[in-house]
**Student:** 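Quick one: structure below, then a few questions.
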Amino acid sequence: MKNSFKDKVYEFCRAIPKGKVATYGQIARLAGKPKAGRAVGLFMRINSDAPHTPCHRVVAADGSLNGYSGQGGLASKRKMLLKEGIILRGSLVDLLRSQWKKS
DNA sequence: AAAATGACGGTGT
DNA sequence: TACACCGCCATTT
């Protein structure tokens, strides 16, 4: 209920536009803790995963899909990203073209 | 208060 | 590109 780091993470997570992806480190940075990427991933995992928060649009710094607690796991995540127009290079996301940039 | 946990990031090999 | 190691952090027990 507080405006804690965790809440900010979810907030930014929801701010990711369709067709774009963000890295854990980027969200952490926006939340004010550039090195808290680890914590960010932790929050994604405990999150309700449902469309409430598009945690599937969050990938690792190199574009690799590390994990997904949602249904289907990584396989489903990859599929969703592809469907949203995000370019996938094998198991890696083409960050050069699909990484979200905060205006 | 201290220890354990984990969907990370960067660097070196 | 893949793998191993270390450093960093918030939350929970």
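If you're wondering where the values come from, they're calculated on a predicted model, not measured in any experiment. So that the names make sense, note that chain A is the first sequence line, chain B the second, and so on, each numbered from 1. Excluded from the calculations below are hydrogen atoms, water molecules and symmetry mates; all remaining heavy atoms, backbone and side chain alike, are included.
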**Student:** What is the distance from atom OG of Ser69(A) to atom CE of Met44(A), rounded to the nearest 0.5 Å?
**Tutor:**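 Going from OG on Ser69(A) over to CE on Met44(A), the span is 10.0 Å.
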**Student:** Give the nucleotide from the list dG9(B), dC8(B), dA7(B) with an atom nearest to the side chain of Ala61(A).
**Tutor:**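 Nearest to the side-chain atoms of Ala61(A), counting from C-beta on, is dG9(B).
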**Student:** Once you round it to whole Å, what is the distance between P of dG10(B) and CD of Gln26(A)?
**Tutor:**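 Interatomic distance, CD of Gln26(A) to P of dG10(B): 11 Å.
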**Student:** To the nearest Å, how far apart are Leu95(A) CG and dT1(C) P?
**Tutor:**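 So the two atoms are 11 Å apart, to the nearest Å.
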**Student:** Under the criterion side chain to side chain contact (heavy atoms under 4.5 Å, CB included), I'd like the reasoning laid out for Arg38(A) against Leu42(A): C-alpha separation, chi angles, the key distance, then a yes or no.
**Tutor:** CA-CA 6 Å; Arg38(A) 211 161 197 174; Leu42(A) 193 59; over 6 Å; no
**Student:** Which one, dC8(B), dT1(C), dT11(C), comes nearest to the side chain of Leu92(A)?
**Tutor:** dT1(C)
**Student:** Using side chain to side chain contact (heavy atoms under 4.5 Å, CB included), reason through Leu95(A) and Val59(A) one step at a time and then give a plain yes or no.
**Tutor:** CA-CA 9 Å; Leu95(A) 294 176; Val59(A) 298; 4.1 Å; yes
**Student:** Looking at CG of Leu96(A) and CD1 of Ile87(A), how far apart are the two atoms once the value is rounded to the nearest 0.5 Å?
**Tutor:** 9.5 Å
**Student:** With under 30° as parallel and over 60° as perpendicular, where do the rings of Tyr10(A) and Phe43(A) fit, or are they tilted in between?
**Tutor:**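 Rings of Tyr10(A) and Phe43(A): tilted, 30 to 60°.
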**Student:** Starting from P on dT11(C), measure out to CD1 on Ile46(A) and report it in whole angstrom.
**Tutor:** 9 Å
**Student:** Near DNA chain C, which residues from residues 31-40 of chain A have a heavy atom under 4.0 Å away?
**Tutor:** Lys33(A), Lys35(A), Ala36(A), Arg38(A), Ala39(A)
**Student:** How many whole angstroms separate atom NZ of Lys6(A) from atom C1' of dA10(C)?
**Tutor:** 11 Å
**Student:** Starting at CZ of Arg45(A) and ending at P of dC8(B), how long is that distance when rounded to a whole Å?
**Tutor:**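 About 11 Å, once rounded to whole Å.
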**Student:** Is Arg57(A) close to Trp100(A) at the side-chain level, that is, under 4.5 Å between some pair of heavy atoms?
**Tutor:**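 Counting from C-beta outward, Trp100(A) and Arg57(A) never come under 4.5 Å.
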**Student:** For a quick check of understanding: with a heavy-atom distance under 4.0 Å over all strands, which category does Phe5(A) fall into, base, sugar-phosphate or nothing?
**Tutor:**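 Sugar-phosphate, no base atom in range.
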**Student:** Check Leu74(A) against Tyr68(A) and note the closest heavy-atom contact, atom names and distance.
**Tutor:** CD2-N, 3.7 Å
**Student:** Can a donor-acceptor pair under 3.5 Å be found between the side-chain atoms of Tyr68(A) and the base atoms of dA7(B)?
**Tutor:** no
**Student:** Roughly, in whole Å, what's the span from CZ in Phe43(A) to P in dA7(B)?
**Tutor:**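 From Phe43(A) CZ to dA7(B) P: 13 Å.
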**Student:** Rounding to a whole Å, what distance do you find between Tyr10(A):OH and dA10(C):C1'?
**Tutor:** 11 Å
**Student:** Whole angstroms only, please: what is the NZ-C1' distance between Lys8(A) and dT11(C)?
**Tutor:** 16 Å
